[in-house]
Amino acid sequence: MLNRCLKIKTRASILVMDIRIFQPRESEGCWMCRYEIDWPEGRQTMDAAGCDGVQALISALQMIGADLYTSDYHRNGQLQSLGDGWTGYGFPVPYNLRDALIGEDARFL
């Protein structure tokens, strides 16, 4: 399992939001990669699919990026990286969301 932590600024505090990515697994003739995002409202669990494990992993990373960049937390400026001077979240997004990228995400992804 891989893990990344982001933070969400609220009026009262700063919340740590965990993102977990699990190893791709074969399932009924295709490959699946499960991921979880611990939003303040509760855990979101999703599976990304691919023709092999690499494609399933890439799909999961892009789905996470899409979830983050289309969230109200991003739109409201509350979602932030946990440090190292990096602005952005470090996840790729599908081509149609590239205009939403911020900071180093916009430069490098």
Side-chain angles (χ1 to χ4, degrees):
M1 177 182 66
L2 301 171
N3 188 61
R4 173 164 290 163
C5 296
L6 300 178
K7 61 185 175 181
I8 295 176
K9 275 182 19 180
T10 68
R11 290 184 178 168
S13 64
I14 296 178
L15 306 173
V16 175
M17 183 178 77
D18 287 323
I19 300 169
R20 287 173 294 286
I21 306 162
F22 297 86
Q23 182 173 333
R25 67 199 183 285
E26 196 168 4
S27 176
E28 299 179 21
C30 67
W31 285 78
M32 305 298 282
C33 184
R34 182 168 54 104
Y35 70 89
E36 299 174 346
I37 302 176
D38 287 341
W39 296 102
E41 299 80 19
R43 180 171 295 161
Q44 171 189 343
T45 301
M46 297 288 291
D47 279 306
C51 64
D52 61 19
V54 173
Q55 188 179 40
L57 176 60
I58 292 168
S59 180
L61 294 173
Q62 289 183 333
M63 288 171 66
I64 292 167
D67 289 340
L68 297 174
Y69 273 101
T70 60
S71 72
D72 287 339
Y73 297 105
H74 170 74
R75 278 192 287 278
N76 295 335
Q78 295 174 278
L79 187 58
Q80 300 177 342
S81 173
L82 268 184
D84 297 347
W86 184 277
T87 54
Y89 316 125
F91 287 96
V93 296
Y95 183 76
N96 63 337
L97 288 176
R98 293 190 59 83
D99 290 346
L101 294 174
I102 59 171
E104 281 75 19
D105 285 358
R107 291 180 53 208
F108 298 117
L109 298 177

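- If you take NZ on K7 and CD on Q80, they are separated by 5.0 Å, rounding to the nearest 0.5 Å.
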Apply the test side chain to side chain contact (heavy atoms under 4.5 Å, CB included) to residues I102 and R107: give CA-CA distance (whole Å), side-chain angles for both, the deciding distance (0.1 Å), then the verdict. CA-CA 8 Å; I102 59 171; R107 291 180 53 208; over 6 Å; no
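- Within the 4.5 Å cutoff, the side chain of V16 has no heavy atoms near those of the L6 side chain.
- Side-chain contact check for R20 versus D38: some heavy-atom pair is nearer than 4.5 Å.
- Each ring-ring contact (aromatic ring centres under 6.0 Å, His included) pair with one or both residues in residues 38-61, not counting sequence neighbours, appears once here: W39-Y73.
- For residues 55-72, the set of pairs meeting the salt bridge (Lys or Arg N to Asp or Glu O under 4.0 Å) definition, not counting sequence neighbours, comprises D72-R75.
- Within the structure, every pair that satisfies the salt bridge (Lys or Arg N to Asp or Glu O under 4.0 Å) test and touches residues 26-35, not counting sequence neighbours, is listed here: R34-E36.
- Placement of I58 and M46 in two distinct hydrophobic clusters is found when ILVMFWY residues are connected by side-chain heavy-atom separations under 4.5 Å, directly or transitively.
- A distance of 7.0 Å separates CD1 of I8 from OG of S71, quoted to the nearest 0.5 Å.
- Partners of D18 according to the side chain to side chain donor-acceptor pair (under 3.5 Å) rule, which considers only residues two or more places apart in sequence or in another chain, do not exist here.
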Go through the steps to decide whether F91 and Y69 satisfy the test ring pair (Phe, Tyr, Trp, His ring centres under 6.0 Å), and finish with yes or no. CA-CA 9 Å; F91 287 96; Y69 273 101; 9.4 Å; no
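- For the atom pair SG of C5 and CG of L15, the computed distance is 12.5 Å after rounding to the nearest 0.5 Å.
- Between the CD1 atom of I37 and the CE atom of M63 there is a distance of 9.0 Å, given to the nearest 0.5 Å.
- Remark: R11 engages no residue in a side chain to side chain donor-acceptor pair (under 3.5 Å) (not counting sequence neighbours).
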Would you sort out whether Y89 and R4 count as a side chain to side chain contact (heavy atoms under 4.5 Å, CB included), showing the intermediate values? CA-CA 9 Å; Y89 316 125; R4 173 164 290 163; 5.9 Å; no
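- Sorted by first then second residue, the side-chain hydrogen bond (donor to acceptor under 3.5 Å, both in side chains) pairs that include residues 45-64, not counting sequence neighbours, are R25-D47.
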